[in-house]
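Ligands are counted one by one from 1 in listed order, and the atoms in each one are counted from 1 as well.
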Amino acid sequence: MQLPVNTFKQALAGSDTLFGIWASLANAYAAEVVATTGYDWMLVDGEHAPNHVPSMLTQLQAIAPYPSQPVVRAVNGDATLIKQLLDIGVQTLMVPMVETAEQAAALVQATRYPPAGIRGVGGGLTRATRWDSIPNYITTAHEQLCLIVQIESRLGVANAAAIAAVEGVDAVFIGPVDLSTSMGYAGDSSQPEVQETIQRTIETVLAQGKACGILAPRVDDAKRYAQWGCKFVAIGIDISLLRQAATQNLALHKGQAAPTTSASPTY
Ligand SMILES: O=C(O)C(=O)C[C@H](O)[C@@H](O)CO
């Protein structure tokens, strides 16, 4: 068979905003339900959701029949973890907390086979090669890989141009919750200083010819970030949506107003 085409990577070059959803329930059945709803991409979260490599594998398998494209977030940039994630067939990888160009370059290295990088060869053992049924996997795999680095700290913002310029980095994803926390605002990304920083960082990334993404469950935020140039926007989090719907349903049946705290979650 042929190497699967990474349609998320392709779409980053298009003109449409790509709407995504955080898949945080860490469960293949839940991921498949979300995959049927039509989001352009789904973030299988290995950073904050209780996931490990086998659970992320089953979610990739559950999402595979649907057009929604999986983006897998690693807990960190460890090269051995990245090797395992690529071996289970991850083609779009997001790594949190990238703060320097050196870190970004090391991540690129971890995704490339020698001589371009340090990725070890799993060959016929791996889903990535469809158990050795994909010809020339070693020499072509990188063409369908999409590496997204997260910028979500003051230091990362200061180095945004250098990080985005690294060859092999396909896109930058701004983490507004961590960024605002790093700036002293405890998760409140609506603060003017944070907003100004987000806008400047988007412009910096775009100036390097790279795509930019962000998390924005609030409609107004999502629209503004798209206007500022964000190409892929996560507009919901499955856990928050589930909790919100359950809360509203209970309030409806009890004849109470739904609590406003979860009606428009920031994260
Ligand atoms: O900093 C952010 O924003 C993110 O990276 C997203 C969060 O990690 C996500 O878990 C939402 O709570």
Side-chain angles (χ1 to χ4, degrees), residues 18-27 30-31 34 39 41-52 55-56 59 70-78 81 85 92-99 103-104 107 146-160 163-164 169-191 193-202 205 211-222 224-226 228 230-244 261-267:
L18 305 176
F19 293 111
I21 184 165
W22 234 250
S24 312
L25 288 161
N27 174 277
V34 174
Y39 286 81
W41 57 281
M42 293 173 56
L43 192 285
V44 176
D45 191 2
E47 186 188 13
H48 290 302
N51 269 310
H52 60 344
S55 69
M56 291 193 273
Q59 287 168 80
V71 176
V72 169
R73 181 163 75 164
V75 66
N76 60 30
D78 184 280
L81 173 62
L85 293 175
T92 302
L93 175 72
M94 188 189 291
V95 179
M97 297 285 181
V98 175
E99 297 192 297
Q103 283 176 353
L107 295 173
C146 180
L147 175 63
I148 305 169
V149 298
Q150 270 198 274
I151 289 182
E152 45 187 350
S153 67
R154 276 191 190 276
L155 181 57
V157 163
N159 290 323
I163 292 169
V169 168
D170 295 289
V172 168
F173 190 90
I174 298 170
V177 183
D178 277 306
L179 177 59
S180 53
T181 304
S182 152
M183 295 176 69
Y185 295 110
D188 182 4
S189 60
S190 71
Q191 291 293 326
E193 189 190 0
V194 181
Q195 286 294 300
E196 186 271 325
T197 302
I198 288 173
Q199 185 170 18
R200 186 164 30 89
T201 305
I202 295 168
V205 171
C212 197
I214 196 162
L215 171 66
R218 287 190 171 131
V219 176
D220 290 352
D221 289 341
R224 189 174 61 259
Y225 296 146
W228 288 351
C230 275
K231 184 79 204 139
F232 57 114
V233 183
I235 53 171
I237 298 173
D238 56 2
I239 287 180
S240 306
L241 294 171
L242 174 63
R243 190 166 191 286
Q244 179 184 328
T261 46
S262 62
S264 187
T266 52
Y267 55 88

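With sequence neighbours left out, H48 forms a side-chain hydrogen bond (donor to acceptor under 3.5 Å, both in side chains) with no residue at all.
Every atom of ligand 1 is numbered from 1 in the order shown, and the set under 4.0 Å from a heavy atom of H48 is 8 (O), 10 (O). Each of the following atoms of ligand 1 lies closer than 4.0 Å to a heavy atom of E152: 1 (O), 2 (C), 4 (C), 5 (O).
At least one N or O atom of Q150, backbone or side chain, sits closer than 3.5 Å to an N or O atom of ligand 1. Residue P176 places at least one N or O, backbone or side chain, under 3.5 Å from an N or O of ligand 1.
Side-chain contact annotation: Q59 with N51, donor-acceptor N/O pair under 3.5 Å present.
With a heavy-atom cut-off of 4.0 Å, L215 touches ligand 1 through its side chain alone. With a 4.0 Å cut-off on non-hydrogen atoms, R73 touches ligand 1 through its side chain and not its backbone.
Side-chain atoms of I148 and F232, non-hydrogen and from C-beta on, do get closer than 4.5 Å to each other. Under the 4.5 Å side-chain criterion, counting only non-hydrogen atoms from C-beta, E152 is in contact with M97. V194 is not listed as a side-chain neighbour of P176, based on a closest heavy-atom distance of 4.5 Å or more.
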